[in-house]
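First up is the structure itself, then whatever we jot down about it.
Here is how names work: the chains are called A, B, and so on, in the same order as the sequence lines, proteins then strands, and each is numbered from 1.
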Amino acid sequence: MEKYVKVVVRSNTIYTDNLFTYQIPALLIDNLEIGHRVLVPFGRGNKPTEAFVFEISDKLEEKIKTKEVVDILDENPIFKIEDLELVSWMKNRYLCTYIDCINLIYPKGYKLNNYKVVSFNDDYENLNQFQLQLILSNISNEEKKIIDEIINNKGKIKVEKLKNISNVNNILERLKRKEIIKISWEYKNHKNEKKICYISLSMDGEDVDDYILNHKIKTGSKQKEIINFLKYNDEVEINDLLELLNASRQSITSLHEKKLINLELKDYYRKPESIYTSVSKKIELNSEQKNAIDKIKSQMFDEDKKPYMIHGVTGSGKTEVYMEIIDSALNQGLDSIVLVPEISLTPQSISRFKNKFGEIVGVFHSQLSEGQKHDVYKAIKSGKIRILIGARSALFAPFNSLGVIIIDEFHESAYKSEKNPKFNAIEVAKFLSVKKNISLILGSATPSIEEYYKAKQGEYNLIKIQQRANNKPLPKINVVDMKEELNKGNKSIFSMKLQLEIQEAIKNDSQIILFLNRRGYANFISCRKCGYVFQCENCDISLTYHKGDNIGRCHYCGYEKEIPIECPECKSKYVKPFGVGTQRIEEELKTIFKDIKILRMDKDTTSKKGSLEEILNKFKNKEADVLIGTQMISKGLDFDNVTLVGILSADMILKFPDFKSSETTFQLITQVSGRAGRSDKEGSVILQTYDTDHYAIRRAINYDYEGFYNDEIKIRNAFGYAPFNNMISVVVSGNNEHLVKQNAKNMYDSIVYLLKSRGIDNFEFILGPNPCTIAKINQNYRWQILFKDDNIEINLLKGIIKYICITKRDVVFNKDINISIDINPNSVL
DNA sequence: GAGCGTAACCTA
DNA sequence: AGGTTACGCTCA
């Protein structure tokens, strides 16, 4: 009986983003399963291509000519049915390609390479020297060059390696016509599995000498040495042995051929090192924590359970709760995933998990090398890792019996991917939790408005923890009005109150955290006389001043420019940096407090691997009085000795032209404040702002989440923002400004045309096309159209966008135009 | 988007 | 004829 498979082919284009049908050859019929990775011929040249089996069927639905599957690439299917369902769901949800989604769950380290090789035609393969001379005498010099290359490479060479010879293609074509050579596709299936070879005697040490005598085996002196060494050492790593005895590989091969030794490959695990250490502290759980744990534990095996939302104040010991739940899951044989916003920022919590659970804790994030990722992947599959801590991509880890997913600080924007597939980790986790009956737990001190709204609608089990773990009060937040400060004649970045408290803290041997949400020295550089502002040459962004090198740097593309003394416009010498960044805070703090020791933590000081952990270690060991940082310091840091937190400019984020700016401000103030007074010493917070009346600031200083939520949800409702509407952003970009604008308008017209044909004639739910707020990034001009599902069903809207931007892409858009579709984006800049 | 075939254009 | 390049059409 004939059988067919429907596969997704690895080819990086939307034009081949559909299921292709291949026939299964009789040989493979019994073994081929859904989820297998197979090799298929693809395209005119039948290039060997990796493909993924989505369906198996007995007959062809339509009359199409099919090719045959060549081979199955792995013994077992690499994907389960649920994995494929997830892929299809994500593709539809985020309007991306199959391959984008497959890449997320694809075994790390696997790779199929394909390449073309030139070799002699069959008849020429067993040539003798005489025949070869005959061929060589019959061809041109150029042709000879290529033949020589083939001979030098043992009769076969990759076409790629001949690229430096001019006009290769034609010469090859000629040789092919003369039937001297053939060109064919080959492939290699890499699995990047690092194995270590162990060597041992194939028999008992006492029997070796007899065996050698009886079988009259000759062994060289080096070989004897090796055998003697192995008599006293059971199993040795081959490289160690070679080095130790200064032996050669040849001796080993020879011994192996004589069947005197066994060679065995064993898995090797590359472990990412962590230099951050912490002592485990015993915490007595309070009743709120216990209740949360009991509730989640008791429902672990219930079907149809809702996800949980833990809304616990900063320092309420959410991590303890997570660990108890994970422990309980572990005892039931269930594995856990803990998502953290950005893994490099949480060495503290990772070390706490490792202290409690030891070797079964794995860490996964994008900064690992491909090899390390692969090893983690394999360790999960083999059950060596039972708990995985990682960034959003850790969701796709191949656990066999996943029972718990925890999303810590779930309000963080890092859970929304910015690149394809532009998925939201919370949504994906919900999908998985329903599919696999997983306990999903979201935790935060400042839940996002969207999710909290859903919790109030009954989509979550809402669990509140209102007491800090050690029953310490939350630090008091004191507001300083910077307008008044200016009236009093204080032009410094530091209010008088903050200066006094810093002095006090230092006197008491306590530590201080200062927060400012901008790195660099100053946020723009301008001429005071003519108003000229230094701009990035590639982006529509003003350059940030970095004092050490006297350069302006673009924080979008990395462009750098030395800042001249003279204004390039009016030649005056009044070029000055304006605004404040962390660098400047550090500098001014040093002028006020002469002997102060300062650590700075922002993207500039933590870009090197391990530098973040180093800064945290230094601060923990009290090698500095003050830690200055951007929003990096708001996430999960836990230092006993910090009593004072200074928020230098609380309204900085408020001015962002984004509907989430109030929410972000509230969250940052709450989170940063939560770094103070976490242990025995009482903490306090100084919050400096020009806008003392804003509801986000007023609510934050009273730790009034409910109040803030009520204020904010009204505004969201009035303007039709999330959670009341979905928003779809389509950004059209390219290096030709006019073309980009034209294409964006084209797209708008096409969509309006389609909508009209469906009887819709109110287009208020479409905003644009407009140039993006940042109209140019990296020489790419950007236009945007925003859609809200106000007046229209979301799936109809998505269907139309998909039709125009994907199906009919080549009709509506020019070839060198990029289109980026984002469902509920983080920001619309 | 890659790979392939083909048309068109240049060179000696 | 030999060499080079630009373009358009698939992809099961």
| Nucleotide of C:dG8, B:dG1, C:dA12 approaching A:T13 most closely (side-chain heavy atoms) | B:dG1
| request: Round to the nearest Å and state the distance from A:N814 atom CG to B:dG1 atom P. | output: 14 Å
| request: Answer yes or no: does a side-chain N or O of A:W185 lie under 4.0 Å from OP1 or OP2 of B:dC4? | output: yes
| message | As a test of reading the structure: which of B:dG1, B:dG3, C:dA12 is closest to the side chain of A:K67, going by heavy atoms? | response | C:dA12
Check residues 798-810 of chain A and write down every donor-acceptor pair under 3.5 Å in which the side-chain atom is one partner and the other belongs to a residue at least two apart or another chain.
unit_1, atom_1, unit_2, atom_2, d
A:K798, NZ, A:N92, O, 3.2
A:K798, NZ, A:R93, O, 3.3
A:R809, NH2, A:I817, O, 3.3

| request: Rounded to the nearest angstrom, tell me the gap between atom CD1 in A:I14 and atom C1' in C:dC11. | output: 14 Å
| task | Report the distance from atom CG of A:N114 to atom C1' of C:dC11, rounded to the nearest whole Å. | result | 14 Å
| Under a 4.0 Å heavy-atom cut-off, which of residues 91-106 of chain A touch DNA chain C? | none
| task | Looking at every strand, decide which applies to A:Y15 at a 4.0 Å heavy-atom threshold: base, sugar-phosphate, or nothing. | result | base
| Across the strands shown, which category fits A:T16 at heavy-atom distances under 4.0 angstrom: base, sugar-phosphate, nothing? | base
| query | Are A:Y98 and A:F54 close enough that their ring centers fall under 6.0 Å? | reply | yes
| request: Identify whether any heavy atom of A:R174 sits under 4.0 Å from a base atom; if not, whether one sits that close to sugar-phosphate; answer base, sugar-phosphate or nothing. | output: sugar-phosphate
| Looking only at side chains, do A:N538 and A:Q779 share a donor and an acceptor under 3.5 Å apart? | yes
Which pairs of donor and acceptor atoms, one on a side chain in residues 70-82 of chain A, lie under 3.5 Å apart (sequence neighbours left out)?
unit_1, atom_1, unit_2, atom_2, d
A:D74, OD1, A:R37, NH2, 3.0
A:D74, OD1, A:K191, NZ, 2.7
A:D74, OD2, A:R37, NE, 2.8

| field | Plane angle bin for A:Y94 and A:W89 - parallel if under 30°, tilted between 30 and 60°, otherwise perpendicular | value | perpendicular
| query | Looking for any heavy atom pair under 4.0 Å, which part of the strands does A:K116 touch: base, sugar-phosphate only, or nothing? | reply | sugar-phosphate
| message | From CZ of A:R44 over to P of B:dG1, roughly how many Å is that when rounded to an integer? | response | 18 Å
| Any Lys/Arg nitrogen of A:D100 or A:K419 sitting under 4.0 Å from an Asp/Glu carboxylate oxygen of the other? | no
| message | Regarding A:E370 and A:K111, does a basic nitrogen lie under 4.0 Å from an acidic carboxylate oxygen? | response | no
| field | Between C:dC7 (P) and A:D816 (CG): distance, integer Å | value | 12 Å
| said: Return whichever of A:K815 or A:G45 has its heavy-atom-nearest nucleotide of DNA chain B closer to the 5' end. | reply: A:K815
| message | Which is more 5' along DNA chain C, the nucleotide nearest A:I64 or the one nearest A:I171? Just name the residue. | response | A:I171
| Within this structure, what is the CZ-to-C1' distance between A:F42 and B:dA2, rounded to whole angstrom? | 10 Å
| Across the strands shown, which category fits A:K6 at heavy-atom distances under 4.0 angstrom: base, sugar-phosphate, nothing? | nothing
| said: From NZ of A:K47 over to C1' of C:dA12, roughly how many Å is that when rounded to an integer? | reply: 17 Å
| request: May I ask you to say whether A:K156 pairs ionically with A:E149, meaning some side-chain N is under 4.0 Å from a carboxylate O? | output: no
| remark: Here the distance between atom C1' of B:dG1 and atom CD of A:E50, to the nearest Å, is 16 Å
| Listed nucleotide nearest any side-chain atom of A:S11, set B:dG5, B:dG1, C:dA12 | B:dG1
